[in-house]
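Comments concern the structure below.
Order of the sequence lines sets the chain letters (A, B, ...), proteins ahead of strands, with each chain counted from 1.
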2 protein chains.
Amino acid sequence: MAIAKTMLFNDELQKNAELFKALAHPARLAILKYLAETRTCINGDFAYELPLSRTTVNQHLTELKNAGLILWHTSGVKTYYCLNQKKISELGEIAKALIDELTIPEDTCCQP
Amino acid sequence: MAIAKTMLFNDELQKNAELFKALAHPARLAILKYLAETRTCINGDFAYELPLSRTTVNQHLTELKNAGLILWHTSGVKTYYCLNQKKISELGEIAKALIDELTIPEDTCCQP
DNA sequence: TTCTTATTTCGCAAAAATACGAAATATATT
DNA sequence: AATATATTTCGTATTTTTGCGAAATAAGAA
């Protein structure tokens, strides 16, 4: 791409694109759903639930951490992860706002 | 990555991840918003609204087409684009379902 | 037919994402 | 201290995404 151009767009667009990017891989969606289903902090054993190596799962977890969608704490050698409900609801609001913004009267558009 | 592993996840996860991926770039969000604001089919002139070349904008448009989020028709040499309201509302439902699924009682998780 | 305009396709290059094994790190147990 | 276990970091390889200029294509105008 020669030069990354994403930073030429306004902050809100960049921020929202980043958040959607965190959801743009089935492994990350699977991790989030698993965390919601188990309803508890679980340690990294759940790598075995996914068809990926422990290292790769850890990489996806790091991306979810960076996006703010999950929280974690450690106890001994183990790390416990959980959903960040605050960020999940923020995501919900962002998604809803986008959909509302994109929803327009159908008859104004592309009528042949 | 050696081998693409996305196909090892179930269809729904893959489909949803694909849809979020379409939203995972500020240029594509900008295009969608512009289409909503102008409320009409516009031709490719709006490449000049973005800090990207005509070719790159066309590439992003193709991705939005492939995701089903926009429709288009041609008239002479010009191509007119518009939002696919049906897909937008489908996106809204998918996003809402995901948020609902990920929303759990806060006190069950990561309390130190 | 030739010229102009709009768009798409092609080929290429750079950046980012995905994936994993090996090694390093950190904690708990023996 | 030595061992076992859990996780993270490092190095590397491959794929995908992003980006663009040049050429090709297509339609209308002169």
Side-chain angles (χ1 to χ4, degrees), chain A residues 1-9 13-14 17-32 35 41-67 69-82 110, chain B residues 1-9 13-14 17-32 35 41-67 69-82 110:
Chain A
M1 72 177 63
I3 300 162
K5 294 287 187 95
T6 52
M7 66 287 195
L8 298 178
F9 294 89
L13 288 178
Q14 286 181 55
E18 279 295 313
L19 205 46
F20 289 125
K21 193 184 289 183
L23 304 177
H25 194 287
R28 293 194 290 274
L29 290 179
I31 289 169
L32 293 174
L35 284 171
C41 306
I42 55 168
N43 67 32
D45 289 341
F46 77 142
Y48 305 117
E49 302 276 335
L50 302 176
L52 296 171
S53 76
R54 185 71 192 80
T55 305
T56 301
V57 171
N58 201 59
Q59 228 165 202
H60 285 302
L61 284 168
T62 300
E63 284 174 67
L64 291 171
K65 282 181 194 175
N66 291 342
L69 289 166
I70 61 175
L71 299 171
W72 71 99
H73 69 267
T74 55
S75 171
V77 284
K78 296 192 176 183
T79 304
Y80 296 85
Y81 300 98
C82 62
C110 272
Chain B
M1 71 179 63
I3 299 160
K5 295 287 187 97
T6 52
M7 66 287 196
L8 298 177
F9 294 89
L13 288 178
Q14 286 182 53
E18 279 295 314
L19 205 46
F20 289 124
K21 194 184 288 182
L23 304 177
H25 194 286
R28 293 194 290 273
L29 290 178
I31 290 169
L32 294 174
L35 284 171
C41 308
I42 55 170
N43 68 32
D45 289 341
F46 76 143
Y48 305 117
E49 302 275 334
L50 302 177
L52 296 171
S53 75
R54 184 71 190 82
T55 305
T56 302
V57 171
N58 201 58
Q59 227 165 204
H60 285 302
L61 284 169
T62 301
E63 284 174 68
L64 291 171
K65 281 182 196 175
N66 291 341
L69 289 166
I70 61 175
L71 298 171
W72 71 99
H73 70 267
T74 55
S75 171
V77 284
K78 296 193 176 184
T79 305
Y80 296 86
Y81 300 99
C82 62
C110 273

Is the phosphate of D/dT17, meaning OP1 or OP2, less than 4.0 Å from a side-chain N or O of B/His60? no
Answer with base, sugar-phosphate or nothing: what part of the nucleic acid does B/Glu63 contact at a heavy-atom distance below 4.0 Å? sugar-phosphate
What does the list of N/O pairs under 3.5 Å between the protein and nucleotides 1-9 of chain D look like, with a distance for each?
residue	atom	partner	partner atom	Å
D/dT7	OP1	A/Gly44	N	3.2
D/dT7	OP1	A/Thr79	N	3.1
D/dT7	O3'	A/Thr79	OG1	3.3
D/dT8	OP2	A/Asn58	OD1	2.3
D/dT8	OP2	A/Tyr81	OH	3.3

Whole-Å distance separating the CZ atom of A/Phe20 from the C1' atom of D/dT17: 19 Å
Keeping B/Ser53 on the side-chain end and B/Thr56 on the backbone end, is there a donor-acceptor pair under 3.5 Å? yes
For D/dT15 and A/His25 - does any side-chain N or O of the residue sit under 4.0 Å from the phosphate oxygens OP1/OP2? no
Measure the acute angle between the ring planes of A/Phe20 and B/Phe20, then classify it against the limits of 30° and 60° as parallel, tilted or perpendicular. parallel
Using atom CD1 of A/Ile31 as one end and atom C1' of C/dT18 as the other, report the distance to the nearest whole Å. 13 Å
Can you check the A/Glu18 CD to D/dT18 P distance for me, whole Å? 12 Å
Rounded distance (Å) that lies between atom P of D/dC20 and atom CG of B/Leu50: 11 Å
Presence of donor-acceptor pair under 3.5 Å, side chain of A/Gln59 and base of C/dA19: yes
Which pairs count as salt bridge (charged side-chain N to carboxylate O under 4.0 Å, His left out) when at least one residue sits in residues 51-63 of chain A, sequence neighbours excluded? A/Arg28-A/Glu63
Taking all heavy atoms of B/Ala30 and all of B/Leu50, pick out the closest pair and write down the distance. CB-CD2, 3.8 Å
What is the distance, to the nearest angstrom, from the CZ atom on A/Arg28 to the C1' atom on C/dA16? 12 Å
Can you label the angle between the A/His25 ring and the A/His60 ring as parallel, tilted or perpendicular, going by 30° and 60°? tilted
Can you give me the closest heavy-atom contact between A/Ile70 and A/Lys65, atom names plus distance? CG1-N, 3.7 Å
Exercise: identify the closest heavy-atom pair between B/Ala22 and B/Leu64: O-CD2, 4.0 Å
Whole-Å distance separating the NE2 atom of B/His73 from the C1' atom of D/dA26: 17 Å
For C/dC20, does either OP1 or OP2 sit under 4.0 Å from a side-chain N or O belonging to A/Thr56? yes
